K.L.:
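Provided herewith is a single structure, encoded as structure tokens, for subsequent inquiry.
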Amino acid sequence: MSRPSDHIDSAPPHVDPDVVQPKLGPLGWLRWFWRQLTSMRTALFLLLLLAIAAVPGSLVPQRSSDPNGVTQYFTDNPQLAPVLDKLQFFDVYTSAWFSAIYLLLFASLIGCIIPRTKHHFQAMRAKPPRTPVRLTRMAGFQARILPAELRSTASDPIAEAQEVLKKARYRTAIYENARSISVSAERGYLRESGNLVFHIALLGVLVAIGVGGGFGYTGQKVVVEGQSFVNSLPSYNSFNPGRFFSDSALAPFSIRVDKLDVSYETKNQNAVGTPLDYTAHVTTTGPGDTSQSTTIKVNEPLAIGGTNVYLLGNGYAPTITVRDTKGNVVFSDSVPFLPQDARLTSLGFIKVPDGLKQQLGMIGFFYPTVGASQTASGALTSTFPGLNDPVLSLNVYVGDLGVDSGVPQSVYSLNTDKLTQLAGPPTKTEALKLKPGETVDLPNGLGTISLDNVKRYASLDVHHDPAQGWVLAFAVLIFAGLLTALFVPRRRIWVKAVENEDGSLTLEYAGLARGEDPNLIAAVSAVAEEHAASLTRPQKN
């Protein structure tokens, strides 16, 4: 039984059911894929997908900007971190999946821009389209009669209409047939120009970011008060170069941290200890031999040698001196401790491989302000991040530190597998406790250790991006192009003169907009009024 002709499964009456569509083939499928990729809908989808793909870069630390944070993330999340690492979540912006979206968006934009640019230039060089036969169908249509007795004294209506439209910055063309003569006018090409500028500038941003990332670099350095940092590879604690980086990109300069000022909230009891301001007072030298004193704040980086130097964080660096049994200094340094909480309870590691009868390792806990606070178990705790009542607690180990194996070790860890603990929990010997200026004996008669003073350190991030200026320029162009595309109307206006049997002329006015144009009808009326006024204006001899 046959289905009704209007059934959903019935073939349309104009389609022959025996016609079989030819197979596309490899070339046909490639053309189809290219058309889909270069559509504006695909470009917008890829742009949204790129923004979503960048989200993990702000949720988990990145090796390129925070390698210590990545190490800490592995320590805090031993099961989740390896999975995220396989998915390249710690290297989001160089991952295969992010690069794939980036390159697809790049290709999509190129495929959109080239044909649109070609079409736009052809449209700008072409004449405005011919006047429609029936203007009554167009927006803002109105008709006015020019009596026969006024035609002899008035100027040519179409010539006057053309002048009126030209003054309003329309491109015009005159068309004539058996019964009428008309002027066709068009304006608003700047709208499409702005649209193209927007897309070309967006493409420029992608190129600039890619090139800048290839030739740029980022590096992190912890600098203790009174110490200097030189812009060279061995000086960095961690360094992440771009793919095309060369040592010549490192401009010769140095930064000495003279002092680090930190202020905390003390009046508001609900926010005591909240940091209010960080300011690093530094002395810079070079490039060249120029030297000057300046400051680095959290939101005010230092520009030097084509780089921006950011103040990422700060902490404490206790100055520790270890002496042997004869009083000879075998270790003396300001050791940066890593903050563990908002009160700057900090963790640090001291390694003394030489000078004592055994290699010595210590895990230290620094408390900026202890006061009378103490947990129920007897452990110390800090109540304020400022340096009011500092205490350094040390767990002591002896044995093989592993430094003689030739394998590089992190200064922010201590492998205790081959060490014997002498002091600190869970041993029966209490951890060593020192305040600034105090000296205590090391276990097993190894010597003495003293806490000379406590300095602050600044965690600096050096960022070099050679395309930074280009990105800014393209961003400005994106904004300018977007405003132009949004607010410049694209419209056409026609003025037609139709000959009547009684010798009079019917002047018809109408318009057409591409897209939304709430002012189109008003624009047509303004042209009609100006045209009528010009026809009744006395002619100049």
Side-chain angles (χ1 to χ4, degrees), residues 61 66-78 81 220-225 237-238 260 262 273 275 312-322 331 333-353 360-371 373-375 377-398 401-403 408-417 419 421-427 429-436 438 440 442 449-459:
D66 189 13
N68 293 329
V70 175
T71 302
Q72 187 63 41
Y73 195 92
F74 270 82
T75 303
D76 298 338
N77 305 274
Q220 293 74 38
K221 177 64 177 178
V222 171
V223 186
V224 180
E225 287 178 329
N237 296 120
S238 61
L260 186 64
V262 182
L312 293 185
N314 69 96
Y316 292 105
T319 302
I320 298 168
T321 300
V322 177
F331 177 89
D333 197 7
S334 297
V335 182
F337 277 45
L338 298 179
Q340 303 297 302
D341 56 31
R343 305 303 182 187
L344 290 190
T345 299
S346 304
L347 175 66
F349 304 90
I350 301 100
K351 302 175 184 179
V352 185
L360 177 69
M362 290 175 282
I363 300 177
F365 299 90
F366 181 73
Y367 308 92
T369 301
V370 174
S373 66
Q374 202 169 25
T375 64
S377 62
L380 299 176
T381 180
S382 179
T383 60
F384 188 76
L387 203 63
N388 296 336
D389 184 18
V391 172
L392 175 64
S393 174
L394 297 170
N395 296 342
V396 183
Y397 298 81
V398 293
L401 295 175
V403 295
Q409 292 189 5
S410 172
V411 296
Y412 299 110
S413 64
L414 177 66
N415 188 346
T416 60
D417 293 343
L419 299 177
Q421 186 173 359
L422 300 181
T427 67
T429 305
E430 289 188 1
L432 305 182
K433 293 184 175 63
L434 298 95
K435 290 191 174 185
E438 292 183 350
V440 299
L442 292 169
I449 182 171
S450 60
L451 177 60
D452 301 334
N453 56 58
V454 180
K455 297 181 179 180
R456 281 190 176 270
Y457 68 79
S459 179

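Computed from a predicted model, the values in this text were never measured in an experiment. For this chain, numbers begin at 1 and follow the sequence in order. Just so you know, these numbers use all the heavy atoms, side chains as well, and skip hydrogens, waters and symmetry mates.
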K.L.:
Val223 and Lys221: which non-hydrogen atoms are nearest, and at how many Å?
P.N.:
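Closest approach of Val223 to Lys221, heavy atoms only: CG2-CG, 3.6 Å.
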K.L.:
Tell me, do Leu338 and Gln72 make a side-chain contact under 4.5 Å, heavy atoms counted?
P.N.:
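Not touching, per the 4.5 Å side-chain cut-off.
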K.L.:
Give a yes or no on whether the backbone of Leu451 and the side-chain of Glu438 come within a donor-acceptor separation of less than 3.5 Å.
P.N.:
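Checked: no pair found.
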K.L.:
Taking C-beta and beyond as the side chain, do Thr427 and Leu422 meet within less than 4.5 Å on heavy atoms?
P.N.:
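They are not in side-chain contact.
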K.L.:
Starting at CE of Met362, measure out to OG of Ser393 and round the result to the nearest 0.5 Å.
P.N.:
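One gets 11.5 Å once the value is rounded to the nearest 0.5 Å.
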K.L.:
Is there a side-chain contact between Phe366 and Val454, using heavy atoms and a 4.5 Å cut-off?
P.N.:
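Result yes, sub-4.5 Å side-chain heavy-atom pair found.
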K.L.:
Is the CD atom of Glu430 crowded by more than 12 outside heavy atoms at less than 6.0 Å?
P.N.:
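Not more than 12 within 6.0 Å, no.
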K.L.:
When you measure from the side chain of Asp333 to the backbone N and O of Val335, does any donor-acceptor pair fall under 3.5 Å?
P.N.:
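Looks like no, no N/O pair under 3.5 Å.
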K.L.:
Looking only at side chains, do Gln340 and Thr345 share a donor and an acceptor under 3.5 Å apart?
P.N.:
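No, because no side-chain N or O of Gln340 sits under 3.5 Å from a partner of the opposite role on Thr345.
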K.L.:
Without swapping roles, check the side chain of Asn237 against the backbone of Val222 for a donor-acceptor pair under 3.5 Å.
P.N.:
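Looks like yes, one N/O pair under 3.5 Å.
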K.L.:
Which heavy atom of Gln421 sits nearest to which heavy atom of Pro426, and what is that distance?
P.N.:
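Of all heavy-atom pairs spanning Gln421 and Pro426, the closest is OE1-CD, 3.6 Å.
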K.L.:
Compare all side-chain heavy atoms of Lys435 with those of Asp389 and state whether any distance is below 4.5 angstrom.
P.N.:
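Contact flag for Lys435/Asp389 side chains = yes.
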K.L.:
Would you sort out whether Leu414 and Leu419 count as a side-chain contact (heavy atoms from CB on, under 4.5 Å), showing the intermediate values?
P.N.:
CA-CA 10 Å; Leu414 177 66; Leu419 299 177; 4.1 Å; yes
K.L.:
Would you mind reporting whether Tyr412 and Thr71 have side-chain heavy atoms less than 4.5 Å apart?
P.N.:
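The answer is no, as the side chains (C-beta and beyond) never meet within the 4.5 Å cut-off.
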K.L.:
Identify the two heavy atoms, one from Leu442 and one from Ile449, that lie closest to each other, and give their separation to 0.1 Å.
P.N.:
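That would be CD2-CG2, 3.7 Å.
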K.L.:
Could you tell me the separation between the CG atom of Leu401 and the CZ atom of Phe349, rounded to the nearest 0.5 Å?
P.N.:
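Between atom CG of Leu401 and atom CZ of Phe349 there are 13.0 Å.
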K.L.:
Within the structure provided, determine whether Leu434 and Ile320 are in side-chain contact (heavy-atom separation under 4.5 Å).
P.N.:
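Leu434 vs Ile320: side chains apart.
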K.L.:
Do Thr321 and Phe331 have side-chain heavy atoms sitting under 4.5 Å apart?
P.N.:
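Thr321 does not reach Phe331 side chain to side chain.
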K.L.:
Measure across Ala342 and Pro385 and return the closest heavy-atom pair with its distance rounded to 0.1 Å.
P.N.:
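Minimum heavy-atom separation between Ala342 and Pro385: O-CB, 3.8 Å.
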K.L.:
Are side-chain N/O atoms of Ser334 and Thr319 paired as donor and acceptor at under 3.5 Å?
P.N.:
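Yes, a side-chain donor-acceptor pair sits under 3.5 Å.
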K.L.:
Are any non-hydrogen side-chain atoms of Tyr316 and Arg456 less than 4.5 angstrom apart?
P.N.:
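Side-chain contact under 4.5 Å: yes.
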K.L.:
Which atoms form the tightest heavy-atom contact between Tyr457 and Val224, and what is the distance?
P.N.:
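For Tyr457 and Val224, the tightest heavy-atom pair comes out as CB-CA, 3.8 Å.
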K.L.:
Kindly give the heavy-atom pair with the smallest separation between Ala431 and Asn395, and that separation in Å.
P.N.:
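Ala431 and Asn395 have their closest heavy atoms at CB-OD1, 3.4 Å.
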